[in-house]
Amino acid sequence: MSIFKLKLHTQIFLALVLAVVAGLLTNPETRLLGVELFAAYDFVGSMFLNALRMLIVPIITSSIITGIAGIGSSEALGRLGGKTFAYYMMTSFLAIVVGILAVNLVQPGIVDGEPAREILGLSAEHASDVADKVGNHDASSLTNVFLSMIPPNIIAAAANGQLLGLIFFSLLYGFYMTRIGDELAQVQYKFWCGVYEIVMRLTELVMKFAPIGVFALVAKVVTGIGEEDLGSLVQSLGLFFITVVLSLSFHAFVTLPLLLATLARVNPLRHYKAMVTALLTAFSTASSSATLPLTIECVRDNAGVSNRVTSFVLPLGATINMDGTALYECVAAIFIAQAFGLELTFVTQFTILLIALLTSIGVAGIPAASLVAITIILSAIGLPLEAVGVILAVDRVLDMFRTSVNVFSDSCGAVIIARSEGETGILTEKRDAPDA
Ligand code: ASP
């Protein structure tokens, strides 16, 4: 059977496996026919990522505007908004609790009863990279995040990826769009529905290239993991890595499916199946914003959730609901604190929990965004922000895992909220075509 006849998610999965093999066989200097492979992976991967990112602004704007307009009355909007916010807060909180319990239980920052600071010194030499990645962030960046919610210039907000600002404006726009004269409102509504449908078609087009894009992105990550990183991963960061992956797995394979089964009364296995393309894309791109068009497509077309719910819940989720990120921030901050021998009282841990909850709302859905939030936590508990350097070696790979969890949680939210709104035909065996 031709490889092109395979289902898209199977092709992406194969690309991922091949990428790991190719990445292991090459190093950053390897050349093929005179071409540096690392640079080639970088080029192709960036093209794919750019194509997905190109869709973010139109998809967020059009889906929120049509979503809000479709919800109708202020009461219905308030109800849906309330449920969405409650779900997002609850799942992020549950994720954080799992992370905090796991990191306290495993104590990856303590080796043979001693803080692992010395051993970690090995990778602390990455500290100079930290400044590049996170800039100079202190607690005031938290207020800035919330300030950017009301953007002084909507075009600048869109251009600079300040999606919270874009969402805020689109919410207002959609709300008032239905409150102008009928004739004008009709024109507006049809226009934005058209934009939305066009972007969804463009998503399908971009996804045709997903296997190649995913191959390049993952091969680049694997090639970039130097021997030094591998050494430090095994020696000192191994336990930390395992703690994060196990906690994320607990959230994705225990907490969220339980919520799906109890609150939405749907079969979680069917939901994993419906979401597989989006999850693989989230894993490879490490960006929930870039994955958003796909998340919408999978939840709408495969799971069968209405446009009314997907177009409101998912863009919000991709920006403010980051369970994996919240969990990771806590585990990483507490791990670093343990390694530095810092006394972690209940109050300190509670502070970490609160900041993680808040910052996970504010961090952008782009690769490595958590690092900024972790530096905010570190400065709040009195550690130098350069200390985040100790986890850089494993951050990118963990980013892939936490982004998949972020996206999965958004999709579960859409299903649970849609069911609570009385929608039927979601994730059923022989589902009717979802309403468009
Ligand atoms: N990469 C994550 C996302 O896009 C954010 C993070 O760094 O945790 O969801």
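Atom set for the values below is all heavy atoms of this structure, side chains included, hydrogens, waters and symmetry mates excluded. The model shown is predicted, which means the values in this text are computed figures rather than measured ones. Order of listing sets the numbers, starting from 1, for every ligand and every atom in it.
Between Phe335 and Phe240, the ring planes are parallel. Angles under 30° get that label, and only those over 60° would be called perpendicular. Using bins of under 30°, 30° to 60° and over 60° for the plane-to-plane angle, the ring pair Tyr173/Phe169 lands in the tilted bin.
Applying the salt bridge (Lys or Arg N to Asp or Glu O under 4.0 Å) definition to pairs two or more places apart or across chains, none involves residues 44-60.
Residues passing the salt bridge (charged side-chain N to carboxylate O under 4.0 Å, His left out) test with Arg270 are Glu429, sequence neighbours excluded. Looking at residues two or more places apart in sequence or on another chain, you find a salt bridge (charged side-chain N to carboxylate O under 4.0 Å, His left out) between Glu36 and Arg31.
For ligand 1, the 4.0 Å heavy-atom shell takes in Ala286, Ser287, Ser288, Met322, Thr325, Ala364, Gly365, Ile366, Pro367, Ala368, Ala369, Ser370, Asp399, Arg402, Thr403, Asn406, ordered by chain and residue number.
Between the side chains of Tyr87 and Asn321, not a single donor N or O lies within less than 3.5 Å of an accepting N or O.
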